[in-house]
Amino acid sequence: MKNIELKTGKDFNLKQTLECGQCFRWEKIEESEYLIFAEDKACLAKDEKDYLKIQSFNGDEEFWNNYFDLSTDYSKYKEELLRGEPRLSDAILYGGGIRILNQDFFEVLISFIISQNNNIPRIKKCIESISSVYGKPIGIIKGRERFAFPSPDALALADSEELMKLKLGYRSAYIVKAAHKFQIEKVPSGKSDEKYKQILSYYGIGPKVANCISLFGLRDFEAFPIDTWVKRIMVHMYGFDEKDISGMQKFAAEKFGSLGGLAQQYLFYYYRDRKIKK
DNA sequence: ACCCAGGTGGCTT
DNA sequence: AAGCCACATGGG
């Protein structure tokens, strides 16, 4: 156990960063305090004004600083996005503390395969479930044994019947195949469109999930995932026909350029967070 | 009982 | 290329 304080500044908000849908292994403890898991690391993080107070169970300062992407200047990104599209101002004001986390590729790969046609609370349960069966124990935290996200080799030993028993549903076969494919191909490299195509070639991964994995697993910021929420936003904001996904994709590329993924996160969080709250 | 959730594969027009 | 539908599961 190690206490760490990370300087954050104004373009960071823990709640927004975790609850914008880019990651799933966290538990809210109280307002602005969360228990967070990443790979085989865990920490308790509390968001103070200008710094993040971390009780790390097994990750050093550098790991968490990198995980939360605290050395990147997001005010420049925001200015650039606003120059290209002033209508983003409400969303950026609302979720301006979002950062794109530095997550492990394999963890993102599997997590977003699970995400398809699924809701966020259940996605979290599914991921906890496979972690507790295929991940290695990392110690007792908040009264329970906790587990690392499964390694590729550990998950490759699973079969889809086992995963079905864990309630992973029809995505079970996708997960097993993905673990095998990843063992051979490893983390994609090269130009971003080539990496995207490689991700898309996984069985069970289509354009939406591939874009999420590009954005959250490889930090390709131009990736613009269009899910059911973003679709509605594009219909609402820009008058697209809800079936015209390729039109939306093209529009986003032109309007938001190399920062499409960040724009998408601001919009997704702004729209979904207010819709879902009762 | 129905519809939806950070969709995709497969089959038919 | 575009339009259906099934797919597991759980919550509203």
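Letters go in sequence order (proteins before strands), and every chain restarts at 1.
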> Is there a residue in residues 117-126 of chain A whose heavy atoms reach under 4.0 Å of DNA chain B, and which residues are they?
A/Asn117, A/Asn118, A/Asn119, A/Ile120
> A/Glu27 and salt bridge (charged side-chain N to carboxylate O under 4.0 Å, His left out): which single residue from A/Lys125, A/Arg144, A/Lys142 fits?
A/Arg144
> Would A/Tyr77 and A/Asp11 count as having a side-chain donor-acceptor pair, cut-off 3.5 Å?
no
> Who passes side chain to side chain contact (heavy atoms under 4.5 Å, CB included) against A/Ile233, sequence neighbours left out?
A/Met237, A/Leu267, A/Tyr271
> Separation of A/Ile213 atom CD1 from B/dG7 atom C1', in whole Å?
12 Å
> Using whole Å, what does the distance between atom C1' of nucleotide C/dA2 and atom CG of A/Asp241 come to?
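Value for this atom pair: 12 Å.
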> Between C/dG10 and B/dG9, how many Å separate the two C1' atoms, rounded to a whole number?
23 Å
> The side chain of A/Thr228 is closest to which nucleotide in this list: B/dA5, B/dT8, C/dA8?
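Given the options B/dA5, B/dT8, C/dA8, the side chain of A/Thr228 is closest to B/dA5.
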> Tell me: CH2 of A/Trp229 to P of B/dG7, nearest whole Å?
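Interatomic distance, CH2 of A/Trp229 to P of B/dG7: 10 Å.
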> C/dG3 P sits how many Å from A/Asp244 CG, rounded?
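One finds 11 Å between P of C/dG3 and CG of A/Asp244, rounded.
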> At under 4.0 Å between heavy atoms, what does A/Gly204 touch on the DNA or RNA strands: base, sugar-phosphate, or nothing?
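Sugar-phosphate, no base atom in range.
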> Side chains of residues 208-218 of chain A: which donor-acceptor partners sit under 3.5 Å, not counting sequence neighbours?
from: A/Asn211; atom 1: ND2; to: A/Pro207; atom 2: O; distance (Å): 3.1
from: A/Ser214; atom 1: OG; to: A/Ala210; atom 2: O; distance (Å): 3.0

> Would you kindly give the CD1-to-C1' distance between A/Ile199 and B/dG7, to the nearest whole Å?
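Atom CD1 in A/Ile199 sits about 16 Å away from atom C1' in B/dG7.
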> Under the ring pair (Phe, Tyr, Trp, His ring centres under 6.0 Å) definition, can you give me all pairs with a residue in residues 233-263 of chain A, not counting sequence neighbours?
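For residues 233-263 of chain A: A/Phe224-A/Phe256, A/Tyr238-A/Phe251, A/Phe240-A/Phe251.
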> Using a strict heavy-atom distance below 4.0 Å, which residues from residues 165-180 of chain A are in contact with DNA chain C?
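Those residues are A/Lys167, A/Gly169, A/Tyr170, A/Arg171.
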> Take A/Lys243 and A/Met164, find for each the nucleotide of DNA chain C with the closest heavy atom, and name the residue whose nucleotide sits nearer the 5' end.
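Result of the comparison: A/Lys243.
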> Suppose you measure atom C1' in C/dA2 against the same atom in B/dA5; what distance do you get, rounded to whole Å?
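Looking at atom C1' only, C/dA2 and B/dA5 are 24 Å apart.
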> In whole Å, I'd like the distance from the CG atom of A/Asp227 to the P atom of B/dT8.
10 Å
> Which part of the nucleic acid does A/Tyr203 contact within heavy-atom distance under 4.0 Å: base, sugar-phosphate only, or nothing?
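Sugar-phosphate contact only - A/Tyr203 comes under 4.0 Å of backbone atoms but never of a base.
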> How close or far is atom C1' of B/dG7 from atom CZ of A/Arg232, stated in whole angstroms?
14 Å
> Nearest whole angstrom, please: distance from the C1' of B/dC4 to the CD of A/Glu242.
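Answer to the nearest Å: 14 Å.
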> Who are the salt bridge (Lys or Arg N to Asp or Glu O under 4.0 Å) partners of A/Lys181, not counting sequence neighbours?
A/Glu185
> Filter on salt bridge (Lys or Arg N to Asp or Glu O under 4.0 Å), then keep only pairs touching residues 226-245 of chain A, sequence neighbours left out; what's left?
none
> What donor-acceptor contacts under 3.5 angstrom involve side-chain atoms of residues 132-139 of chain A, with partners at least two apart or in another chain?
from: A/Ser132; atom 1: OG; to: A/Glu128; atom 2: O; distance (Å): 3.3
from: A/Ser132; atom 1: OG; to: A/Ser129; atom 2: O; distance (Å): 3.0
from: A/Tyr134; atom 1: OH; to: A/Glu162; atom 2: OE1; distance (Å): 2.6
from: A/Lys136; atom 1: NZ; to: A/Asp40; atom 2: OD2; distance (Å): 3.3

> Is the A/Phe63 ring parallel, tilted or perpendicular to the A/Tyr67 ring (thresholds 30°, 60°)?
parallel
> With a non-hydrogen cut-off below 4.0 angstrom, is A/Cys23 in contact with a base, only sugar-phosphate, or nothing?
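Result for A/Cys23 = nothing.
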> According to the ring pair (Phe, Tyr, Trp, His ring centres under 6.0 Å) rule, which pairs have a member within residues 24-56 of chain A, sequence neighbours left out?
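Counting only pairs at least two positions apart or across chains, the ring pair (Phe, Tyr, Trp, His ring centres under 6.0 Å) contacts touching residues 24-56 of chain A are A/Phe24-A/Phe112, A/Trp26-A/Tyr34.
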> Determine the interatomic distance between P on C/dA8 and the same-named atom on B/dC11; round to the nearest Å.
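These two P atoms come out 15 Å apart once rounded.
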> With DNA chain B as reference, determine whether A/Ser115 or A/Ile205 sits nearer its 5' end, using the nearest nucleotide of each.
A/Ser115
